[in-house]
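The structure appears right after this line, and notes come after that.
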Amino acid sequence: MALITCKIFTSSPPLISTLKTRPLTTTTTTTCRCIRASPAPLMSNSGGGGGFMEFPYASPPVRDLMADLVSTVENRLGSLLLPCTLPADVQRYRNDSGTADAALLVRSGIASSPIDFMLGSWLHCQLPTGATLNITSLSCYLNDSTDAPHFLFELIQTSGTSIIVVLDLPPRKDLVLHPDYLQKFYEDTGLDITRQFLDKVAEVRPFVSSSLFTRSAVSPSAILVRIESEAGGSGRVEEIVGDDVRAVATEVLRIWLDCLNGRQEVEDVERNDLRRRDRIFKSKIIEIDLVSNLPRLFGQETADRILAALRGVFGI
């Protein structure tokens with residue numbers, strides 16, 4: 001549920017050896033104090049979810065990747081996250097014709113946590129073009145007690161031979177006005193080096209969002225790519241997702257978890273700036289990605305229910 005999907009609904013429709021032999025790790029010159037918390041049971045068991053962790057329409061590599069990312073977040077953040085309290089008809093919803101099915105999970109952070117909320121979702125629908133759209137996503141939003149970036153991961157698939165990958169730590173400060181922020185979170189962490197690994201996969205091509213706002217909101221190290229393999233078929237795409245995308249996504253999540261709380265004191269003026277920027281960012285997600293698409297897919301009544309719940313979570 002990110003900024004990238006806004007135009008998808010109306011659209012027609014050798015591996016890197018180092019990724020397989022060792023984890024992607026980099027030496028960082030910035031000391032970030034990691035958040036440590038007691039492990040908590042996975043949300044599929046105790047955090048709610050209404051079927052979110054089932055990923056019934058995802059391919060096995062996508063399902064395994066999403067399960068790994070979610071479990072990593074929960075094992076690392078543990079008791080900093082509250083259980084999902086969304087109503088059952090928001091956690092899982094379908095349209096009357098059975099052509100669209102979706103699940104949504106939100107876990108807010110406790111008051112002392114730098115986590116605002118973690119949001120997971122998947123969407124399956126039949127497009128007017130006859131293609132099938134499957135979107136799976138995981139994002140984590142931070143509050144104004146830290147200036148660390150948010151985390152965003154999304155897979156968008158309309159055929160077995162093509163998938164769009166969106167992976168980023170969206171910045172929460174202007175990178176021109178704050179070059180130290182760019183240095184700390186994107187250069188010293190090796191995030192841009194990690195981005196370059198997928199560029200070496202032959203089937204990977206850049207993906208350019210049609211939204212100017214989206215292109216301005218992501219970081220310079222954002223991974224926005226399309227994986228296409230007509231010759232290799234769906235098996236090759238699944239192989240890339242299971243090997244290369246999995247390795248890179250795991251590494252980016254590790255970087256985010258290591259640096260999401262540098263525990264630098266955030267001044268009141270800076271907190272106001274963070275709140276204002278975050279509010280605009282979240283409002284745009286609702287406006288660009290959901291307001292026009294949800295009614296068309298699920299009907300106005302269901303769309304209003306989902307949007308009301310999300311606006312409450314986003315605080316807008």
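Note that the structure is a prediction, hence the values are computed from the model and not measured.
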Under the salt bridge (charged side-chain N to carboxylate O under 4.0 Å, His left out) rule, what do R92 and D101 come out as? Steps first, then yes or no, please.
-> CA-CA 8 Å; R92 183 71 180 268; D101 189 8; 2.9 Å; yes

Is there a path from V313 to L274 through hydrophobic residues (I, L, V, M, F, W, Y) whose side chains come within less than 4.5 Å of each other?
-> no

Which pairs of donor and acceptor atoms, one on a side chain in residues 223-235, lie under 3.5 Å apart (sequence neighbours left out)?
{"from": "S229", "atom 1": "OG", "to": "G232", "atom 2": "N", "distance (Å)": "3.1"}
{"from": "E230", "atom 1": "OE2", "to": "T161", "atom 2": "OG1", "distance (Å)": "3.3"}

In terms of hydrophobic clusters joined by side-chain contacts under 4.5 Å, are L182 and V252 together?
-> yes

In terms of side-chain geometry, is the basic nitrogen of R195 or D199 positioned less than 4.0 Å from the acidic oxygen of its partner?
-> yes

Within 6.0 angstrom of D180 CG, more than 12 heavy atoms from elsewhere | yes

All salt bridge (Lys or Arg N to Asp or Glu O under 4.0 Å) counterparts of K173, not counting sequence neighbours = D147, E270

Residues in side-chain contact (heavy atoms from CB on, under 4.5 Å) with P179, at least two apart?
-> none

Given side chain to side chain contact (heavy atoms under 4.5 Å, CB included), test F153 with L253 step by step and report yes or no.
-> CA-CA 9 Å; F153 179 65; L253 179 59; over 6 Å; no

Check: T99 and L297 side chains under 4.5 Å, non-hydrogen atoms | no

Qualifying residues under side-chain contact (heavy atoms from CB on, under 4.5 Å), relative to P170, sequence neighbours excluded = H150, L152, D168, F281

With sequence neighbours excluded, what pairs up with Y186 under the ring pair (Phe, Tyr, Trp, His ring centres under 6.0 Å) test?
-> none

Verify same cluster id: V291, I306 (apolar side-chain graph, 4.5 Å) = yes

Could you walk me through whether R254 and D258 pass the salt bridge (charged side-chain N to carboxylate O under 4.0 Å, His left out) check?
-> CA-CA 6 Å; R254 181 199 66 80; D258 282 350; 2.7 Å; yes

Applying salt bridge (Lys or Arg N to Asp or Glu O under 4.0 Å) to R271 and not counting sequence neighbours gives D144

May I ask whether V266 and L175 are part of the same hydrophobic cluster, defined by side-chain heavy atoms of I, L, V, M, F, W, Y residues being less than 4.5 angstrom apart, directly or through others?
-> no

Rounded to the nearest 0.5 Å, what's the gap from CZ on R275 to CZ on R172? Could you check?
-> 10.5 Å

Parallel, tilted or perpendicular for F151 and W256, by the 30°/60° rule?
-> tilted

Heavy-atom pair with the smallest gap, counting every atom of H124 and T132 = CE1-CG2, 3.2 Å

Are I193 and V201 joined in one hydrophobic group, where the rule is that I, L, V, M, F, W and Y side chains link up if heavy atoms are under 4.5 Å apart?
-> yes

